[in-house]
Amino acid sequence: MNQRATMIGILSVILLYFCFALMHVYMLGIYKPGDERRHAKYAVVIESDGRLPTLRETRAASHPPLYYGLVGKTVMRGVESIDGIGVEVRRARVVSVIFGGIALIFAFLIIRLLLPRHPALAVHATAIMAVIPSYANNCAVLGNDSLSLASQFAMIYAALLVLLRGPSWPRCLQLALYLSIAALTRVSGVLVMPVALLAVAVGVWWHVEGPRSRRVGLAVLIVGGLLGSVVLSSGWFYWRNVSASGDLTGQSAILEQVQNHPVRSPFAVLFDASKWLEIHDETWGRLAGMVNIGGALRMFARLLTVISLVGAGVVLWQTRFWARIREWRTPRGFSWIIVAGVFANVFLSVFVYHARGGGLHQRYTFGALYVSTLLLALGFTWTKRNVVPIAGYCATFILCFSLQVTYAARLVRKVKTFPIEQALTGHIKYPEASTLWLMVGLTVGFVGVIYALARLHRPLVGDTNPH
């Protein structure tokens with residue numbers, strides 16, 4: 001019964017995500033997202049000229065080419081200019097949406113590995129991620145963000161498999177593939193790799209039998225092989241970045257091009273509470289087209305987050321997590337250190353970039369989004385009554401749906417009918433029927449998530465083995 005409810009839960013999560021993401025694909029005008037034009041330029045140069053673009057042609061040239069080559073040679077085949085195209089851009093957006101869905105699946109699998117006895121938390125956390133407006137909105141844009149997230153999540157999942165179950169040829173080859181895809185998609189994937197490789201090294205140490213020298217040697221060999229796969233697949237591109245701009249990421253050339261200047265020291269930015277609040281508010285209310293949704297909806301998002309964090313604190317207190325210090329010396333305990341390392345790595349990279357003069361945007365932190373949503377979901381597990389997590393997700397869904405409708409209204413400006421239907425008009429053939437099916441899909445997905453939470457809820461409190 002639990003397996004059936006879990007399957008219904010994750011399928012419902014995917015349905016919710018696709019309904020919202022596809023809605024954004026067709027609501028947004030072509031190049032309405034600020035970065036979409038430069039990303040489209042990258043794909044068109046690859047398709048039309050058969051080469052990589054330069055930074056003078058597009059600032060997206062600092063990114064690795066995998067995503068752009070993929071969409072350029074498939075859904076944008078034959079396109080020679082970024083002007084006067086529409087269908088091709090939306091097709092590329094759909095490709096991005098698919099990768100965003102794959103990222104959701106890997107986020108679910110990561111949480112299942114962390115808490116195998118609590119599938120409700122995996123459903124709840126990924127269900128929150130699926131409906132957060134900025135996640136679906138960002139994954140519905142022509143750009144490499146969603147493929148980068150999918151490869152990063154897959155990389156951490158594969159690394160955790162090695163940590164928890166030991167190294168094997170299939171697991172190591174799987175991880176090598178994900179590492180290579182991540183490195184060829186976005187620089188942020190490379191920045192998370194040290195955490196994944198640490199998980200592999202620790203997994204070899206714990207699971208391989210024999211003397212210490214054998215375990216250390218095998219760990220070095222496997223990690224070296226994984227690094228070698230990355231160097232062979234994408235080393236040439238990062239060497240190109242170093243030659244063109246003086247650093248691996250290409251950030252220096254971009255910051256010089258946009259004439260941004262350092263803000264403050266990275267630590268001053270890191271410990272500035274207003275910056276964390278800015279990221280929080282953007283996650284819930286900043287959407288493509290420079291739309292920021294504030295007012296009562298912003299305050300409700302903050303209130304819901306505070307309630308969730310307080311609830312998470314109660315749960316951690318009730319479970320006496322500090323009394324389980326010995327568990328950190330096990331593979332499963334260390335898996336939480338790896339996830340914490342991902343969170344720290346992602347946010348530290350973002351704040352360092354911002355301190356150098358770069359933007360501070362919520363999408364830069366999505367590499368650790370499943371950690372944040374897991375914490376939010378955890379806040380509703382302090383009681384045996386399943387009505388608490390159900391009420392929590394109902395509040396989250398109502399907030400997110402309200403934000404989506406408000407966003408549609410902002411796009412159309414003068415509202416004459418249901419904002420989503422009006423925003424789709426002119427961009428899709430049958431806006432009324434499409435809106436109807438979107439509403440049906442959202443209803444089915446929402447009911448499926450609630451069913452899964454009702455059937456699967458199990459509090460961490462009183463569980464002698466919460467893992």
With the side chain counted from C-beta on, respond yes when V405 and F418 share a heavy-atom pair under 4.5 Å apart, and no when they do not. yes

Examine distances only and state if a side-chain atom of H124 and a backbone atom of L453 form a donor-acceptor pair shorter than 3.5 Å.
-> no

Practice prompt. Using only heavy-atom distances, determine whether the side chains of H280 and T305 contain a donor-acceptor pair under 3.5 Å.
Written response: yes

> Passes side chain to side chain contact (heavy atoms under 4.5 Å, CB included), L198 versus F334? Steps please.
Replying inline: CA-CA 10 Å; L198 175 61; F334 198 82; 4.2 Å; yes

For residues F153 and Y157, establish whether the separation of their ring centroids is below 6.0 Å. no

Sub-3.5 Å donor-acceptor pair from the side chain of R38 to the main-chain atoms of A60, do we have one? no

Minimal heavy-atom distance between S434 and Y430, with the atoms involved, is OG-O, 2.7 Å

Where does the angle between the aromatic ring planes of Y17 and Y135 fall among parallel (under 30°), tilted (30 to 60°) and perpendicular (over 60°)? tilted

Pairwise side-chain contact, V13 with I105, heavy-atom cut-off 4.5 Å (strictly under): no

Are any of the side-chain heavy atoms of V350 and Y353 separated by less than 4.5 Å? no

**Asked** Donor-acceptor pair, Q422 side chain versus T417 backbone, under 3.5 Å?
**Response** yes

OH of Y364 to CD1 of I279, rounded to nearest 0.5 Å, is 11.5 Å

Requested in this report: May I ask you to decide if F237's main-chain N or O and S234's side chain share a donor-acceptor pair within less than 3.5 Å?
Outcome: no

Can any side-chain N or O of H427 pair as donor or acceptor with the backbone N or O of L28 at less than 3.5 Å?
no

Distance col, row R165:CZ vs L113:CG, nearest 0.5 angstrom, shows 5.5 Å

Smallest heavy-atom separation, A122 atom then I111 atom, equals CA-CG2, 3.6 Å

For G367 and L149, the nearest pair of non-hydrogen atoms, with its separation, is N-CD2, 3.6 Å

Could D35 and R59 be called an ion pair, given the rule that one side-chain N must be under 4.0 Å from one carboxylate O?
-> no

When you measure from the side chain of S96 to the backbone of V141, do you find a donor-acceptor pair of N or O atoms at a distance under 3.5 Å?
yes

- prompt: With side chains defined as the heavy atoms from C-beta onward, is the minimum distance between S12 and Y451 less than 4.5 Å?
  reply: no

dist S402:OG -> F300:CZ (nearest 0.5 Å) comes out at 8.5 Å

| field | Test item: N137 side-chain N/O and A288 main-chain N/O as donor-acceptor pair under 3.5 Å | value | yes

Between H354 and L360 the two heavy atoms that sit nearest each other are ND1-CB, 3.5 Å

The reported gap from CG in L147 to CZ in R186 (rounded to nearest 0.5 angstrom) is 10.5 Å

For Y178, the side chain to side chain donor-acceptor pair (under 3.5 Å) test, sequence neighbours excluded, returns Q174

dist W206:CH2 -> L164:CG (nearest 0.5 Å) comes out at 10.0 Å

- Between Y370 and A125, is there a donor-acceptor pair closer than 3.5 Å when you use the side chain of the first and the backbone of the second? no

d(L378 CG, L115 CG) to nearest 0.5 Å is 8.0 Å

- request: Show your working on side chain to side chain contact (heavy atoms under 4.5 Å, CB included) between V346 and F366 and close with a plain yes or no.
  value: CA-CA 8 Å; V346 168; F366 282 173; over 6 Å; no

>> Applying ring-ring contact (aromatic ring centres under 6.0 Å, His included) to F351 and W276, what does each step give before you reach the verdict?
In response: CA-CA 10 Å; F351 283 122; W276 289 86; 5.2 Å; yes

From the list E278, H361, R363, side chain to side chain contact (heavy atoms under 4.5 Å, CB included) with R286 holds only for H361

ask   = Between L309 and L375, is any pair of side-chain heavy atoms under 4.5 Å apart?
value = yes

Note to self: With a 4.5 Å cut-off on side-chain heavy atoms, are L197 and L179 touching?
What the structure shows: yes

Quiz item: Do T381 side-chain atoms and A377 backbone N/O form a donor-acceptor pair below 3.5 Å?
Solution: no

Residues pairing under ring-ring contact (aromatic ring centres under 6.0 Å, His included) where one sits in residues 24-43, two or more places apart or in two chains, turn out to be H24-Y407, H39-H63, H39-Y68, Y42-Y68

Closest non-hydrogen atoms of I156 and A196, given as atom of the first, atom of the second and distance, are CD1-CB, 4.2 Å

Here the pair of heavy atoms bringing S146 nearest to F99 is OG-CB, 3.6 Å

Please tell me if the side chains of S62 and V187 come closer than 4.5 Å, counting only heavy atoms from C-beta onward. no

Any non-hydrogen side-chain atom of L442 less than 4.5 Å from a side-chain atom of F20? yes

For the residue pair Q152 and S148, confirm or rule out a side-chain donor-acceptor distance under 3.5 Å.
yes

- Hey, is the main chain of L191 close enough, under 3.5 Å, to the side chain of N345 for a donor-acceptor pair? yes

Does a donor on one side chain sit under 3.5 Å from an acceptor on the other, for E282 and S134?
-> no

Could you check whether atom CZ of R302 has more than 12 heavy atoms from other residues, nucleotides or ligands sitting under 6.0 Å from it? yes

